[in-house]
Protein chains: 2
Amino acid sequence: MTTRKDIAERNDRALLQAARDVLAEDGAHASVAAVAARAGVGIGSLYRRYKTKEELFQRLSVLSLDHWNEAAEQGLTDPDPWTGLAAFVYGCVEFGQGSLGPIAGAVEVTQEMGAKSRRGDELLDELARRAHEAGVLRRDVTAVDISLLIEQLGRSPVVDQLRKQGRDDLLPAAAEARRRLIAIALDGLRPGRDPLPGSPPGEELFTGRWSSR
Amino acid sequence: MTTRKDIAERNDRALLQAARDVLAEDGAHASVAAVAARAGVGIGSLYRRYKTKEELFQRLSVLSLDHWNEAAEQGLTDPDPWTGLAAFVYGCVEFGQGSLGPIAGAVEVTQEMGAKSRRGDELLDELARRAHEAGVLRRDVTAVDISLLIEQLGRSPVVDQLRKQGRDDLLPAAAEARRRLIAIALDGLRPGRDPLPGSPPGEELFTGRWSSR
DNA sequence: TCCAAGCGGAGCGAAACGCTCCGCTACTTG
DNA sequence: CAAGTAGCGGAGCGTTTCGCTCCGCTTGGA
């Protein structure tokens with residue numbers, strides 16, 4: 001039996017998931033109508049739950065921050081500093097953390113969001129510090145580097161575009177290739193890698209290896 | 001002396017560069033007015049050069065394809081298959097090839113674009129084949145993988161977002177971190193890396209290394 | 001000095017937007 | 001089982017933003 005409560009809950013989930021998807025595809029300009037359509041829900045139903053578009057996006061931001069913080073806290077419980085950090089990064093990337101970047105500048109930052117964001121920074125700092133102390137993270141990789149990596153890899157432009165074009169046949173290959181890229185990047189954060197330039201890391205990271213000019 | 005021709009040429013360059021930037025920031029919804037404003041050019045001047053928005057974006061696509069093909073051809077002239085391939089990839093990523101992805105599905109594909117696109121695929125296939133034969137590219141990395149890598153890394157969401165927010169102070173750090181990520185990913189394409197899973201590469205690529213579940 | 005090539009931007013109709021309102025379905029209650 | 005209503009979907013409101021046209025004015029060229 002599907003009670004009223006069940007339907008409401010299912011719709012709420014569908015709306016948030018759809019909002020995330022549409023935002024990833026259309027960026028900050030994503031329209032409310034597109035979110036509702038993607039969720040298979042009427043616009044009226046959407047507006048009964050969220051008084052305004054801003055409120056919907058803010059809720060999405062808070063959920064995203066919560067996911068980040070929970071993943072980081074769980075990572076800190078891992079006795080192995082590397083697997084703890086790596087699981088955190090992979091968890092955020094898979095969650096699509098980066099795809100929410102566009103709204104960060106579009107919605108007003110509430111006090112709650114600010115606090116959770118600062119908390120997230122602290123947790124990541126701690127994850128990186130642990131890894132550095134254990135010698136399992138490249139010295140020249142900072143916490144900021146890691147958060148930027150999550151932002152960069154935490155979106156799947158190719159997958160989104162293929163889905164929009166209806167090329168569902170290519171989707172698995174694209175998702176697979178993206179997973180491999182993530183694995184490669186994660187592995188690159190570990191120390192003892194062959195190129196390993198001294199700090200400060202910069203252009204010289206490449207010199208003579210693949211730059212042809 | 002600035003002749004009429006000089007002004008026209010400068011405007012044309014500014015328009016194309018602005019179109020690329022705006023497209024990277026706003027996606028396929030990018031407005032013509034935004035492009036003109038970014039270029040510091042009147043809308044009227046834009047429309048004298050391009051009869052329609054579609055024509056502007058098509059021209060941008062063609063330029064992008066040309067850049068791809070020229071970079072690939074130059075890479076093939078390199079006697080070292082690895083540096084040839086790597087320079088091609090880095091050149092495309094730096095050019096912001098990936099940021100043009102959104103319009104690929106927004107503009108109608110002309111016959112010219114189709115032909116150039118096929119030619120680009122052939123060139124990349126050849127680059128990958130050479131690298132495979134020389135043993136400097138992981139066996140399980142295909143040409144499709146490489147093009148997806150370019151698409152994924154060839155956009156700078158963080159940099160774009162920071163610029164939109166006016167946080168110019170953080171721009172250098174973000175650009176720097178992105179360069180490092182590119183270097184890491186490129187290096188990960190080479191064979192003999194420690195994780196190196198056998199084909200078929202899939203989830204098991206990660207098992208026991210950093211996945212905590 | 002005169003002319004017109006070529007610029008910038010005001011303003012047009014059209015499209016898309018955020019949001020409200022209401023008729024109707026179908027779950028709940030007595 | 002029948003009556004009531006919670007809650008759904010979507011037509012449509014006013015507003016904003018869009019692609020694009022038109023024209024007065026600047027300024028290089030002869």
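Numbers restart at 1 for each chain; the letters A, B, ... are given by sequence-line order, proteins then strands.
Remark: B/D78 does not engage B/R130 in a salt bridge, criterion side-chain N to carboxylate O under 4.0 Å. The pair B/R59-B/E55 does not count as a salt bridge, with every side-chain nitrogen at least 4.0 angstrom from each carboxylate oxygen. Salt bridge annotation for A/R167-A/D169: present, with a cationic side-chain nitrogen under 4.0 angstrom from a carboxylate oxygen.
For B/R129, the CZ atom counts as densely surrounded, since its 6.0 Å shell holds more than 12 non-hydrogen atoms of other residues, nucleotides or ligands.
When rounded to the nearest whole Å, the span between CD of A/E55 and P of C/dG18 equals 15 Å. Atom CG in B/L46 sits roughly 13 Å away from atom P in C/dG9 (whole-Å rounding). Taking atom CZ of residue B/R49 and atom C1' of nucleotide C/dA5, one finds them 12 Å apart after rounding to whole Å. In this entry the distance linking CG of A/D26 with P of C/dC17 reads 9 Å, nearest Å. The interatomic distance linking A/R10 (CZ) with D/dG7 (C1') rounds to 13 Å, in whole Å. B/K5 places its NZ atom 21 Å from the P atom of C/dA4, with the value rounded to the nearest Å.
The aromatic rings of A/F95 and A/H67 sit parallel to each other, their planes meeting at less than 30°, with 60° as the upper class boundary.
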Show the numbers, then the answer: is there a side chain to side chain donor-acceptor pair (under 3.5 Å) between B/E73 and B/N69? CA-CA 6 Å; B/E73 276 166 1; B/N69 291 359; over 6 Å; no
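Checking the phosphate oxygens (OP1, OP2) of D/dG9, a side-chain nitrogen or oxygen of A/S45 falls inside 4.0 Å.
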Base-contact (B) and sugar-phosphate-only (S) positions in nucleotides 16-22 of chain D, heavy-atom cut-off under 4.0 Å, - elsewhere: --SSBB-
